[in-house]
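For clarity, every value in this text was computed on a predicted model and none was experimentally measured.
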Amino acid sequence: MFDKFNLLGFGTGGWGSALLEAAAITLLLSVAGFALGIVFGGMAAAGRLSATRLPRAIASAYGIVFRGVPDLLTIYLFYYGGSVALTALGRFFGAKGFTGLPTLATGIVTIGFISGAYQAEVYRGAYLAVERGQFDAAKALALTRIQMLRFVIVPQLMRHAIPGLGNVWQLVLKDSALISVIGLVELMRQSQIGAGSTREPFLFYCAAAALYFAIAGLTGLVFGRAEVNASRGVVH
């Protein structure tokens, strides 16, 4: 039995280093995708809150599409649709054969779009939760719009948004496993490779689950600390 656990070691024949490297790729994919989602989500939230009809319609359509279409299907559409377009562009310039998109970049962009659709609702709800009197007080102090956002609105918005963003992060972390379907060797894919090579699927999938749990736990502490810091000085 202990021989099986040697498969997870770092010596000859051990898969420990490969699994840790794959876990690092998973973390990079998740963090970059989440960060990109902040950009998309912020723009979509601004669109939803806009007084103009067109930005509201575009932002609403974005949310409906990326929250309504299964994440796995979205990954396939981004990768194969983008690869078809890239191949056609290559043939236009004389290249031959199929040209696939970089899997890591595709994964980051796809997760960015998906998480942005969820983050948009978090930011919109947090903005609406800010007391209207804060806006009036900022105007009374003759703050510019940028100053109002920086010193008054955004700090209070983030206090309301962080718990919801923590939930979105967990979604992003789980969605990162789906990127394996387009060939990226992240934690889930590396576990599949190890399980197939050693015929020990239960061992490798348990190891993957432990690493996912460790990532989720450590990042959960980060969000918890951020929530405490954002709520500092707030009287409940």
Side-chain angles (χ1 to χ4, degrees), residues 16-17 19-46 48-49 63 66-67 71 104 107-135 137-138 143 146-179 184 186-188 190-191 206-236:
S17 297
L19 287 172
L20 288 182
E21 289 174 6
I25 294 296
T26 289
L27 185 59
L28 171 63
L29 173 65
S30 301
V31 170
F34 186 85
L36 189 58
I38 293 175
V39 177
F40 294 144
M43 292 190 297
R48 289 290 305 275
L49 294 166
F66 285 96
R67 292 198 309 271
D71 296 344
L104 179 59
I108 290 172
V109 171
T110 305
I111 288 179
F113 271 100
I114 294 171
S115 69
Y118 291 94
Q119 290 189 54
E121 291 305 304
V122 173
Y123 297 136
R124 187 176 73 91
Y127 181 86
L128 295 175
V130 177
E131 295 181 3
R132 298 300 96 182
Q134 300 292 330
F135 294 87
L143 297 181
I146 298 298
Q147 290 174 326
M148 184 189 304
L149 288 172
R150 180 181 176 184
F151 297 112
V152 180
I153 306 306
V154 171
Q156 297 186 68
L157 182 150
M158 292 309 298
R159 176 166 58 87
H160 294 292
I162 287 174
L165 291 177
N167 291 331
V168 176
W169 164 254
Q170 297 297 331
L171 172 68
V172 166
L173 185 58
K174 290 190 290 186
D175 274 356
S176 69
L178 298 177
I179 305 300
L184 180 66
E186 41 63 72
L187 181 54
M188 189 65 204
Q190 189 63 70
S191 301
C206 281
L211 287 170
Y212 277 117
F213 182 77
I215 294 172
L218 291 174
T219 52
L221 291 176
V222 173
F223 276 97
R225 175 56 60 184
E227 185 175 354
V228 170
N229 290 337
S231 300
R232 186 173 298 167
V234 177
V235 178
H236 296 284

| said: Among residues at least two apart in sequence or on other chains, which ones pass side-chain contact (heavy atoms from CB on, under 4.5 Å) with Ile25? | reply: Leu184, Glu186
| query | Do you know the tightest heavy-atom contact between Arg124 and Ala45? | reply | N-CB, 4.1 Å
| Atom CE of Met43 and atom CD1 of Ile38: how far apart are they, to the nearest 0.5 Å? | 12.0 Å
| If you look at every heavy atom in Leu27 and Ile215, which pair is closest and at what distance? | CD1-CG2, 4.0 Å
| note | All heavy atoms of Ser191 vs all of Ala208, minimum pair found to be OG-CB, 3.1 Å
| query | With distance as the sole test, does Gln119 use its side chain to make a donor-acceptor pair with the main-chain N or O of Ile114 at under 3.5 Å? | reply | no
| task | Please lay out, stage by stage, how Leu20 and Leu211 fare under the test side chain to side chain contact (heavy atoms under 4.5 Å, CB included). | result | CA-CA 8 Å; Leu20 288 182; Leu211 287 170; 4.0 Å; yes
| Among all residues two or more places apart in sequence or in another chain, which pass the salt bridge (charged side-chain N to carboxylate O under 4.0 Å, His left out) test with Arg67? | Glu121
| Taking only residues at least two apart or on different chains, which pairs with a member in residues 221-231 satisfy salt bridge (Lys or Arg N to Asp or Glu O under 4.0 Å)? | none
| request: Quick one: pull up CD in Glu21 and CG in Leu187 and give me the separation to the nearest 0.5 Å. | output: 12.0 Å
| query | Is the shortest heavy-atom distance from the side chain of Leu36 to the side chain of Ile111 under 4.5 Å? | reply | no
| field | Results of side-chain contact (heavy atoms from CB on, under 4.5 Å) for Leu28 - residues two or more places apart only | value | Leu104
| field | Residue list, side-chain contact (heavy atoms from CB on, under 4.5 Å) with Val154, at least two apart or on another chain | value | Leu149, Met158
| message | Just to verify, what does Asn167 make a side chain to side chain donor-acceptor pair (under 3.5 Å) with, not counting sequence neighbours? | response | none
| From OG1 (Thr110) to CD1 (Ile179), nearest 0.5 Å | 5.5 Å
| query | Are the side chain of Thr219 and the backbone of Ala216 linked by a donor-acceptor contact shorter than 3.5 Å? | reply | yes
| task | Taking ring pair (Phe, Tyr, Trp, His ring centres under 6.0 Å) as the test, write out the residues that go with Phe113, two or more places apart. | result | Phe40, Phe66, Phe78
| Which residues share a ring pair (Phe, Tyr, Trp, His ring centres under 6.0 Å) with Tyr118, sequence neighbours left out | none
| query | Which distance, rounded to the nearest 0.5 Å, do you find between the OH of Tyr123 and the CZ of Arg48? | reply | 15.0 Å
| query | Which pair of heavy atoms, one from Ala126 and one from His160, lies closest together, and at what distance? | reply | CB-CB, 3.7 Å
| message | Rounded at 0.5 Å granularity, tell me how far CD in Gln170 sits from CZ in Phe223. | response | 8.0 Å
| query | Which atom names give the shortest non-hydrogen contact between Leu19 and Ala207, and what distance separates them? | reply | CD1-CB, 4.3 Å
| Summary of salt bridge (Lys or Arg N to Asp or Glu O under 4.0 Å) pairs that have at least one residue in residues 209-218, sequence neighbours excluded | none
| With sequence neighbours excluded, what pairs up with Ser30 under the side-chain contact (heavy atoms from CB on, under 4.5 Å) test? | Thr26, Trp169, Val172, Leu173, Ser176
| remark: In short, salt bridge (Lys or Arg N to Asp or Glu O under 4.0 Å) pairs touching residues 29-45 with sequence neighbours left out are none
| task | Please name all residues satisfying side chain to side chain donor-acceptor pair (under 3.5 Å) with Gln147, sequence neighbours left out, ordered by chain then number. | result | Thr144
| field | Over all atoms of both residues, closest heavy-atom pair of Leu128 and Leu49 | value | CD2-CD2, 4.0 Å
